[in-house]
Amino acid sequence: MMRIRWNQYVRNERGSGMTILVIGLLMAAIFLTFIFFDFSNVFINKRVTQTGADAAALAAAKSSRISMKEELKKETEKELDELGKRWEDFLSSEDEKEKEKEKEKEKEKEKEKEKEKVKSKDKPKDEKDEPAPTTDELLEKFVKSEESAHGGRTMPGDMKSWLLDHSTEVEANSAMKFFFDDEGVSKIACKAVRDNFDSAKKEADKFAEENDNDRVKTLTFIADEFRVFASTERKGDYTTVSSDAVPAISSESSARIGEPKGFRISCE
């Protein structure tokens, strides 16, 4: 009788051990699942932060590019207005010269009359009246002067037409090429990008947040490459460890601002 009970007890103990083993394996499997889930979170967060960094860099570069274009347009229009004023001053000056010539001729005629020498056959050939220069001749003279003042660059035809008729449309890029060289455009563009940096940062923050990043950690203008560099970060949510114990995941990206057609920008 005692032997039968002992055998039952042993068989019961063996069953309990198997149950404990199964439970242990199940718990280990669950733990491994959580670990795998956390590792998956790391990769997902890395992908999310990379997307956010790319978006932040592109947004900052776009904001900088828009600011640069607006500033270059403004400076080109300013130079065009100044050119128009110089043309008007040139015409006024030439008109005054013609009036002075007419006055001098009248004085000479008066003197000749007084001396009774008003005879066409006695008039020297070099004193023959010359016709006033035409508008085209004045324009050619003015354009040559302006081209010389702008490093010998050729004035575009639409700008010449604009001088005669301000309703003529001037192609912005060709006008900019006449007024500025690479150094001049670089000076304007680099200043515009630096002055716009706060706005570029706001755009970067906005697009980083829209792509589920916590913040833009750094935003830098890389002057010698004329590009924007951005790094963003994001805190993960983990199961097996405290989220605060794991450093935020960060990613980096950069984007070129872009240069006006036909120019090479270099910032010091």
Side-chain angles (χ1 to χ4, degrees), residues 58-106 128-200 202-203 221 226 228 255-267:
L58 289 171
K62 181 180 179 180
S63 176
S64 299
R65 183 166 54 253
I66 291 173
S67 176
M68 174 192 68
K69 286 184 176 180
E70 289 177 349
E71 194 63 26
L72 285 171
K73 180 182 177 182
K74 184 176 75 175
E75 290 297 322
T76 301
E77 289 176 346
K78 180 180 176 182
E79 288 291 331
L80 194 61
D81 288 341
E82 291 294 328
L83 179 68
K85 290 177 183 178
R86 288 197 297 274
W87 168 241
E88 292 173 1
D89 292 341
F90 174 79
L91 289 178
S92 297
S93 174
E94 291 296 316
D95 187 52
E96 287 297 322
K97 288 179 182 179
E98 286 301 314
K99 288 180 179 179
E100 287 296 324
K101 285 182 181 180
E102 289 297 324
K103 288 180 181 179
E104 290 297 325
K105 288 178 183 178
E106 290 297 323
K128 288 183 179 179
D129 292 342
E130 295 180 1
T134 64
T135 302
D136 288 341
E137 289 173 338
L138 291 173
L139 178 63
E140 184 180 358
K141 182 179 178 181
F142 176 75
V143 168
K144 285 183 178 179
S145 174
E146 286 294 320
E147 288 177 341
S148 177
H150 288 85
R153 294 187 289 274
T154 302
M155 183 181 291
D158 56 359
M159 287 178 61
K160 296 177 184 178
S161 299
W162 179 84
L163 289 171
L164 299 175
D165 180 6
H166 284 4
S167 65
T168 302
E169 187 174 345
V170 177
E171 206 277 317
N173 192 261
S174 63
M176 188 165 63
K177 286 181 180 179
F178 176 73
F179 290 125
F180 306 108
D181 55 12
D182 283 348
E183 184 179 354
V185 169
S186 293
K187 184 177 179 181
I188 297 169
C190 297
K191 184 178 184 301
V193 171
R194 290 187 174 106
D195 291 346
N196 183 70
F197 196 75
D198 287 344
S199 296
K202 289 179 181 178
E203 286 297 302
F221 171 44
F226 203 57
V228 175
R256 281 192 61 80
I257 296 171
E259 299 165 319
K261 186 178 179 180
F263 290 95
R264 176 62 180 170
I265 294 179
S266 176
C267 301

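Just so you know, these numbers come straight off a predicted model, no measurement behind them.
Remark: Glu171 pairs with no residue by the salt bridge (Lys or Arg N to Asp or Glu O under 4.0 Å) rule, at least two apart or across chains. Partners of Glu71 by salt bridge (Lys or Arg N to Asp or Glu O under 4.0 Å), not counting sequence neighbours, listed by chain and number: Lys74. Remark: Phe197 pairs with no residue by the ring pair (Phe, Tyr, Trp, His ring centres under 6.0 Å) rule, at least two apart or across chains. Scanning for side-chain hydrogen bond (donor to acceptor under 3.5 Å, both in side chains) contacts around Ser63 gives Asn196, with sequence neighbours left out. In this view, Lys69 satisfies the salt bridge (Lys or Arg N to Asp or Glu O under 4.0 Å) rule with no residue, not counting sequence neighbours. The side-chain hydrogen bond (donor to acceptor under 3.5 Å, both in side chains) test applied to Asp165 returns Ser167, not counting sequence neighbours. For Lys97, the salt bridge (Lys or Arg N to Asp or Glu O under 4.0 Å) partners at least two apart in sequence or on another chain are Glu94. Residues meeting the side-chain hydrogen bond (donor to acceptor under 3.5 Å, both in side chains) test with Arg86, sequence neighbours left out: Glu146. Every residue two or more places apart in sequence or in another chain that forms a side chain to side chain contact (heavy atoms under 4.5 Å, CB included) with Thr134 is listed here: Asp136, Glu137. Ser148 pairs by the side-chain hydrogen bond (donor to acceptor under 3.5 Å, both in side chains) definition with nothing, not counting sequence neighbours.
For the atom pair OG of Ser64 and CZ of Arg194, the computed distance is 11.5 Å after rounding to the nearest 0.5 Å. In this structure, Leu83 CG and Glu88 CD are separated by 10.0 Å, a value rounded to the nearest 0.5 Å. The distance from the CG atom of Leu91 to the CD atom of Glu96 is 12.0 Å, given to the nearest 0.5 Å. Taken from CH2 in Trp87 to CG in Leu164, the straight-line distance is 6.0 Å, to the nearest 0.5 Å.
With Glu259 contributing its side chain and Ile265 its backbone, the two residues share a donor-acceptor pair below 3.5 Å. At least one donor-acceptor pair closer than 3.5 Å links the side chain of Ser161 to the backbone N or O of Gly157. Panel note: side chain Trp162, backbone Val170; no donor-acceptor pair is recorded below 3.5 Å.
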Donor-acceptor list for residues 177-191 side chains, cut-off 3.5 Å, not counting sequence neighbours:
{"from": "Asp181", "atom 1": "OD1", "to": "Glu183", "atom 2": "N", "distance (Å)": "3.3"}
{"from": "Asp181", "atom 1": "OD1", "to": "Gly184", "atom 2": "N", "distance (Å)": "2.8"}
{"from": "Asp182", "atom 1": "OD1", "to": "Arg264", "atom 2": "N", "distance (Å)": "3.4"}
{"from": "Ser186", "atom 1": "OG", "to": "Asp182", "atom 2": "O", "distance (Å)": "2.8"}
{"from": "Ser186", "atom 1": "OG", "to": "Ser266", "atom 2": "N", "distance (Å)": "3.0"}
{"from": "Lys191", "atom 1": "NZ", "to": "Asp195", "atom 2": "OD2", "distance (Å)": "2.7"}

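Among all heavy-atom pairs drawn from Cys267 and Phe226, the shortest one is SG-CD1, 3.8 Å. Pairing each heavy atom of Thr76 with each of Ala172, the nearest pair is CG2-O, 4.1 Å. Scanning all heavy atoms of the two residues, the minimum distance from Pro133 to Leu138 falls at CG-CD2, 3.9 Å. Between Met176 and Pro260, the shortest heavy-atom contact is CE-CB, 3.8 Å. Nearest heavy atom pair, residue Val228 against residue Ala60, reads CG1-CB, 3.7 Å. In this structure, Asp158 and Glu169 approach most closely via the heavy-atom pair CB-O, 3.9 Å.
Applying the disulfide (SG to SG under 2.5 Å) definition to pairs two or more places apart or across chains, none involves residues 64-99.
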- Message: For Lys85 and Asp81: C-alpha separation, side-chain torsions, deciding distance, then whether salt bridge (Lys or Arg N to Asp or Glu O under 4.0 Å) applies.
- Response: CA-CA 6 Å; Lys85 290 177 183 178; Asp81 288 341; over 6 Å; no
- Verdict with supporting geometry, Ile66 and Glu70, side-chain contact (heavy atoms from CB on, under 4.5 Å): CA-CA 6 Å; Ile66 291 173; Glu70 289 177 349; 3.7 Å; yes
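Using a cut-off of 4.0 Å between Lys/Arg side-chain N and Asp/Glu carboxylate O, Glu98 and Lys101 are scored as salt-bridged.
By the 30° and 60° cut-offs, the orientation of the rings of Phe90 relative to Phe142 is tilted.
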